[in-house]
A.B. asks: 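Pasting a structure below so you can have a look.
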Amino acid sequence: MTLNSTPLIGFIGLGHMGGHMSANLVRAGHRLLVHDLNAEAVQRLVDLGAERAESIAELAAACDVVITMLPGPPQVEAVIREMGPLLRPGSVWVDMSTSTPAAARVLDDLLSERDVSRLDAPVSGMAKGAASGMLQIFVGGETAVLERVRPLFEVMGDPERVLHVGGLGAGYTVKLMINQLWFSHLVAAAEVLTVGVKAGVDLEVLHRSLLASPAASSFLANDLPSIFADDYDESFAMKLACKDLGLSIDLGRDVGVPTPISAHVEQIYRTALAKYGPDSGEMIPVRLAEEYAGLLLRPAEAQETAA
């Protein structure tokens, strides 16, 4: 099977990320068979031109490539156990979920016997990156398998940022480490900004100073400013952020490396989860820091308007 033969692509998981990713594949002209527990999400894709699969079994048996974009390891393991025995010989399973190597390899022997290849290819870029087709994709697996499905990755992500990071499982690991560092950036930035503003420095002056300093980062430049507009990014829920933090810390435990900073960040996130709810945005720990300081990280003009 090659992607030059107009293969049928299966897509399971049409949430905040998967809905956009699958829509981009349809718009690019790929034949897509979709399945999700949310009937409305399926209907949105059907309206764009995708075909509906009534079950995971139906999708697995029909497709040349199956892409999964699921909440986490339990769902990944459940889906591969259901569809693994039905996947077509010579097909490819691509898991783009934020998961763990263990969840994906439960049926490795069976997949090998059936000549089914797999890749782990989790993504970064939030829902806005999924919508624009500019995700960063971290691929673990064989180079030859990656090249077979690269045209799909280059529709869902930035072609320059489809990165082959190693063998099976490496994609999962890289994504967990990226998430851990991003969440750590958020907690540190919230602390720095609330202290600085509480001490009397103008928020915008402090932000510009940080960006002009050795402490500058992509997070400070591109992600943090949404807070200044009262946007805590509800496109990615706290329950998922806490799940990812837990997986990262579990990985450190598995490889025997202490993770004290990561553990502290996780506890701050879980405190925010308890206070603001599981569906609050992934940047809501900044709100926690704001409450501790008794202020809001907003430009002076916005503060005056609110007053």
Side-chain angles (χ1 to χ4, degrees), residues 98 122-129 136 138 161 173-253 255 257-300 302-303:
T98 300
V123 305
S124 284
M126 304 181 181
K128 60 185 178 183
Q136 192 168 12
F138 308 97
R161 298 197 297 170
T173 298
V174 169
K175 176 60 192 306
L176 289 176
M177 297 301 95
I178 289 169
N179 282 8
Q180 181 63 64
L181 188 56
W182 192 93
F183 296 135
S184 299
H185 274 313
L186 181 140
V187 169
E191 184 173 294
V192 164
L193 289 174
T194 51
V195 170
V197 171
K198 189 75 171 183
V201 180
D202 178 80
L203 172 64
E204 293 177 296
V205 171
L206 179 56
H207 185 233
R208 287 199 302 271
S209 299
L210 291 170
L211 290 177
S213 79
S217 68
S218 175
F219 174 83
L220 284 172
N222 302 315
D223 299 325
L224 184 67
S226 70
I227 295 296
F228 306 159
D230 197 31
D231 178 5
Y232 296 88
D233 188 23
E234 293 185 355
S235 69
F236 192 78
M238 276 294 290
K239 60 189 175 185
L240 298 178
C242 287
K243 178 266 297 181
D244 290 353
L245 281 162
L247 293 177
S248 173
I249 291 168
D250 287 346
L251 180 60
R253 184 181 301 112
V255 298
V257 176
T259 55
I261 294 174
S262 299
H264 179 64
V265 170
E266 184 198 22
Q267 288 306 304
I268 291 174
Y269 261 77
R270 293 201 179 278
T271 300
L273 174 74
K275 184 174 180 62
Y276 303 111
D279 295 320
S280 55
E282 66 177 334
M283 299 182 79
I284 203 68
V286 178
R287 185 75 190 95
L288 194 65
E290 291 172 327
E291 289 196 17
Y292 289 155
L295 54 81
L296 290 174
L297 295 174
R298 305 291 183 270
Q303 297 277 17

A.B. asks: Please name the pair of heavy atoms, one in Phe236 and one in Ala241, separated by the smallest distance, quoted to 0.1 Å.
C.D. replies: CE2-N, 3.5 Å
A.B. asks: Determine yes or no for a side-chain-to-main-chain donor-acceptor pair under 3.5 angstrom, with Lys239 supplying the side chain and Asp279 the backbone.
C.D. replies: no
A.B. asks: Not counting sequence neighbours, which residues clear side-chain hydrogen bond (donor to acceptor under 3.5 Å, both in side chains) with Glu266? List them please.
C.D. replies: Arg270
A.B. asks: Give me the atom names and distance for the closest heavy-atom approach of Ser280 to Gly277.
C.D. replies: OG-O, 2.7 Å
A.B. asks: With rounding to the nearest 0.5 Å, note down the distance linking CG in Leu245 to CD in Glu282.
C.D. replies: 10.0 Å
A.B. asks: For the residue pair Gly281 and Met238, what are the closest heavy atoms and their distance?
C.D. replies: O-CG, 3.2 Å
A.B. asks: If you define the side chain from C-beta out and look only at heavy atoms, does anything of Leu224 sit under 4.5 Å from Leu193?
C.D. replies: yes
A.B. asks: Between atom CD of Gln267 and atom OG of Ser262, what is the distance when rounded to the nearest 0.5 Å?
C.D. replies: 12.0 Å
A.B. asks: With sequence neighbours excluded, what pairs up with Asp231 under the side-chain hydrogen bond (donor to acceptor under 3.5 Å, both in side chains) test?
C.D. replies: none
A.B. asks: Thr98 versus Leu240: any side-chain heavy-atom pair under 4.5 Å?
C.D. replies: no
A.B. asks: Would the number of heavy atoms belonging to other residues, nucleotides or ligands and lying under 6.0 Å from CD of Glu191 be above 12?
C.D. replies: no
A.B. asks: Enter the distance from Leu181:CG to Ile261:CD1 here, rounded to the nearest 0.5 Å.
C.D. replies: 10.0 Å
A.B. asks: Identify the heavy atoms of Leu206 and Val192 that sit nearest to each other, and give their distance.
C.D. replies: CD2-O, 4.2 Å
A.B. asks: If you count heavy atoms of other groups shown closer than 6.0 angstrom to CD of Glu234, is the number above 12?
C.D. replies: no
A.B. asks: Check salt bridge (charged side-chain N to carboxylate O under 4.0 Å, His left out) between Lys275 and all other residues, then give those that pass, not counting sequence neighbours.
C.D. replies: Glu291
A.B. asks: Run the side chain to side chain contact (heavy atoms under 4.5 Å, CB included) test against Leu211 and tell me which residues pass, sequence neighbours left out.
C.D. replies: His207, Leu220, Ala221
A.B. asks: Apply the test side chain to side chain contact (heavy atoms under 4.5 Å, CB included) to residues Glu290 and Ile227: give CA-CA distance (whole Å), side-chain angles for both, the deciding distance (0.1 Å), then the verdict.
C.D. replies: CA-CA 11 Å; Glu290 291 172 327; Ile227 295 296; 4.0 Å; yes
A.B. asks: Applying side-chain hydrogen bond (donor to acceptor under 3.5 Å, both in side chains) as the test, list every pair that has at least one member in residues 214-227; sequence neighbours left out.
C.D. replies: Trp182-Asp223, Ser218-Asn222
A.B. asks: How would you list, by chain and number, every residue that makes a side chain to side chain contact (heavy atoms under 4.5 Å, CB included) with Asp230, sequence neighbours excluded?
C.D. replies: Tyr232, Arg298
A.B. asks: For Val255, which residues count as a side chain to side chain contact (heavy atoms under 4.5 Å, CB included) partner, sequence neighbours excluded?
C.D. replies: Leu251, Val257
A.B. asks: For Pro122, does its backbone N or O pair with a side-chain atom of Lys175 as donor and acceptor, under 3.5 Å?
C.D. replies: no
A.B. asks: For the atom pair CD1 (Ile284) and OG1 (Thr271), what is the distance rounded to the nearest 0.5 Å?
C.D. replies: 13.5 Å
A.B. asks: When you look at Val265 and Leu186, which way does the side chain to side chain contact (heavy atoms under 4.5 Å, CB included) test go after all the steps?
C.D. replies: CA-CA 9 Å; Val265 170; Leu186 181 140; over 6 Å; no
A.B. asks: Please collect all side-chain hydrogen bond (donor to acceptor under 3.5 Å, both in side chains) contacts where either partner lies in residues 244-253, sequence neighbours excluded, each pair once.
C.D. replies: Asn179-Asp244, Gln180-Ser248, Asp250-Arg253
A.B. asks: Mind listing the closest non-hydrogen atom pair of Pro278 and Ala237 along with its distance?
C.D. replies: O-CB, 3.5 Å
A.B. asks: Donor-acceptor pair, Lys198 side chain versus Leu295 backbone, under 3.5 Å?
C.D. replies: no
A.B. asks: According to ring pair (Phe, Tyr, Trp, His ring centres under 6.0 Å), who are the partners of Phe138, at least two apart in sequence or on a separate chain?
C.D. replies: none
A.B. asks: What are the two closest non-hydrogen atoms of Thr259 and Gly252, and how far apart are they?
C.D. replies: CG2-CA, 4.2 Å
A.B. asks: Can you sort out the partners of Ser213 under side-chain hydrogen bond (donor to acceptor under 3.5 Å, both in side chains), two or more places apart, ordered by chain and number?
C.D. replies: none
A.B. asks: For Asp202, give me all partners under side-chain hydrogen bond (donor to acceptor under 3.5 Å, both in side chains), at least two apart in sequence or on another chain.
C.D. replies: none
A.B. asks: Quick one: ring pair (Phe, Tyr, Trp, His ring centres under 6.0 Å) pairs with a partner in residues 264-300, sequence neighbours left out?
C.D. replies: Phe183-Tyr269
